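Step one of this worksheet: look at the structure below.
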Amino acid sequence: MEFSEEAKREIEKNLSEVVRNINVDGRERAEIVNELRSTYYEAAEGEARARGSDVVSVVDARSARASISSPRETAESFMKSYADTLRRAGFWSRLVAFVIDNLAIFALSMIVMAPLFGLMLLMGMPMQDEAANQAWFDSLSLTGAVTFGIVAFAAAVSVMVVIFGYYIVLEGHFGYTPGKYVMGLRVLQTDGTKIGYKEAILRNLSKYINNLIVIDTLIMLVFFYREKQRGFDRIANTMVVRIRS
Amino acid sequence: MQSELEKWQKELRKGSTKMALLSLIGCRDMYGYEITRELSRITDNVFALTESNAYPALHLMENEQLITSYWKETEAGMPPRKYYRITPRGRAFFGEMKKEWMKHNEAMDRICQYEG
């Protein structure tokens with residue numbers, strides 16, 4: 001049976017939709033996708049045969065998609081079954097990931113502040129006490145003061161972006177941070193599907209409010225030890241799992 | 001009422017998926033799409049299993065070592081198929097399941113026929 005290029009593209013489009021919504025490792029992912037590819041091909045071939053054609057067209061590929069479960073449904077179902085087999089990550093591995101991430105945030109902050117530090121040295125800022133710094137600032141020309149102000153403002157904004165963006169953007173987009181990656185951890189929704197930005201914001205709120213993360217972690221250790229969820233994980237419906245044993 | 005019945009039917013199907021899959025794979029090595037099609041055909045769509053339910057169940061059964069799988073090239077132009085084969089452990093487990101199923105059915109029959 002021959003497949004038109006358009007039909008093949010349609011099938012690959014369905015597959016990429018499944019891939020987008022599953023959060024399992026490379027080899028296992030390839031296995032799932034190959035099996036589904038074979039299913040979509042078989043179903044499309046069946047459709048073409050049913051209408052008496054020996055070329056599978058895009059119409060057959062679309063009918064095949066309608067006759068078997070939708071890609072999203074398939075992905076969700078896979079992740080639900082995986083969720084039951086995944087081991088939840090406990091306190092220690094998550095603490096190590098947290099320390100790694102905070103070191104990374106510190107390093108990134110230093111990098112984005114480097115231009116400001118460079119400028120401070122270049123312009124001969126005394127960096128002793130506040131009075132000396134103030135006197136130094138007052139002695140600057142208008143151009144000098146404006147340049148310094150802009151660079152200092154840009155550095156402050158960049159540090160804020162690093163601090164707030166790190167957990168939210170990385171977890172919201174990839175489902176893990178560098179620290180979690182090193183420790184073999186992933187953040188998933190409790191039904192096993194990928195988390196989005198909404199979940200990433202909710203579960204990380206306690207990291208941004210004064211020491212709330214300590215209380216939040218204590219809540220996990222005391223009340224949700226078996227579920228291994230912080231209070232804000234409960235609110236966001238998320239869990240941290242181990243993808244390597 | 002209808003949705004209550006549907007909910008119950010879903011539970012019933014969920015509980016018997018593993019047995020249905022083992023029963024079919026026990027007859028001969030089969031690939032996923034073939035399994036779902038055969039199940040619908042032999043039960044006149046009463047036991048229609050969607051791909052989204054069948055594949056995760058098959059993968060879990062593979063983890064439990066009740067079945068194994070292998071890839072096989074088929075006709076030209078078609079991607080290889082993943083075939084499932086029952087393991088001795090799966091066969092033994094299916095035997096036990098079948099015995100329990102019969103016992104359960106008989107018991108349910110008696111319950112339904114009970115007149116006080």
Side-chain angles (χ1 to χ4, degrees), chain A residues 1-5 7-8 11-12 14-15 17-18 21-22 24 27-50 54-56 64-87 191-193, chain B residues 6 10-11 13-22 24-25 28-41 44-45 47-85:
Chain A
M1 183 73 78
E2 198 185 318
F3 281 74
S4 76
E5 284 307 312
K8 285 184 192 169
I11 290 173
E12 291 306 319
N14 292 338
L15 288 171
E17 208 177 311
V18 178
N21 290 295
I22 54 175
V24 293
R27 208 183 62 84
E28 203 137 18
R29 178 198 297 251
E31 187 97 344
I32 292 170
V33 170
N34 286 339
E35 184 171 29
L36 286 175
R37 179 177 290 117
S38 143
T39 299
Y40 279 117
Y41 269 78
E42 302 279 349
E45 189 198 33
E47 295 289 340
R49 221 181 279 268
D54 32 306
V55 178
V56 180
R65 178 189 159 131
S67 75
I68 55 187
S69 313
S70 79
R72 178 166 281 274
E73 204 184 319
T74 306
E76 279 173 7
S77 215
F78 263 111
M79 290 319 296
K80 266 177 207 151
S81 78
Y82 276 105
D84 296 335
T85 61
L86 292 169
R87 225 152 51 83
D191 66 2
T193 54
Chain B
E6 275 171 15
K10 215 172 143 185
E11 289 291 317
R13 211 166 25 240
K14 205 170 147 192
S16 36
T17 297
K18 197 182 254 185
M19 188 172 165
L21 292 173
L22 278 178
L24 248 68
I25 302 168
R28 63 167 196 273
D29 295 2
M30 283 180 148
Y31 56 97
Y33 185 63
E34 185 184 19
I35 294 171
T36 54
R37 294 295 291 260
E38 277 298 278
L39 273 178
S40 301
R41 193 185 62 79
D44 280 331
N45 282 325
F47 202 102
L49 204 58
T50 60
E51 279 70 17
S52 65
N53 291 326
Y55 290 129
L58 286 165
H59 287 220
L60 278 181
M61 282 160 63
E62 225 184 324
N63 277 344
E64 292 164 352
Q65 293 169 347
L66 298 174
I67 53 173
T68 56
S69 65
Y70 59 93
W71 289 90
K72 195 172 155 188
E73 290 289 343
T74 51
E75 50 184 297
M78 294 294 278
R81 289 171 179 161
K82 189 179 183 182
Y83 278 84
Y84 293 94
R85 170 180 290 162

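Only a predicted model underlies this, so the values are computations on that prediction, with no experimental measurement involved. Just so it is clear, the values below take in all heavy atoms, side chains as well, and ignore hydrogens, waters and symmetry mates.
A salt bridge links A:Glu42 and B:Arg81; the closest N-O separation between the charged side-chain nitrogens and carboxylate oxygens is under 4.0 Å. Between B:Arg37 and B:Glu34 there is no salt bridge, since none of the side-chain N atoms of the basic residue sits less than 4.0 Å from a carboxylate O of the acidic one.
Both the backbone and the side chain of A:Tyr41 have a heavy atom closer than 4.5 Å to some heavy atom of chain B.
Here A:Glu31 is the residue among A:Lys8, A:Glu2, A:Glu31 with the most heavy-atom pairs under 4.5 Å with chain B. The residue among A:Val18, A:Leu36, A:Thr39, A:Asn34 with the most heavy atom pairs within less than 4.5 Å of chain B is A:Thr39.
Contacts of B:Tyr70 classified as ring-ring contact (aromatic ring centres under 6.0 Å, His included), with partners at least two apart in sequence or in another chain: B:Tyr83.
Among pairs with a residue in residues 58-78 of chain B, those fulfilling salt bridge (Lys or Arg N to Asp or Glu O under 4.0 Å) read B:Lys18-B:Glu64, B:Glu62-B:Lys82, at least two apart in sequence or across chains.
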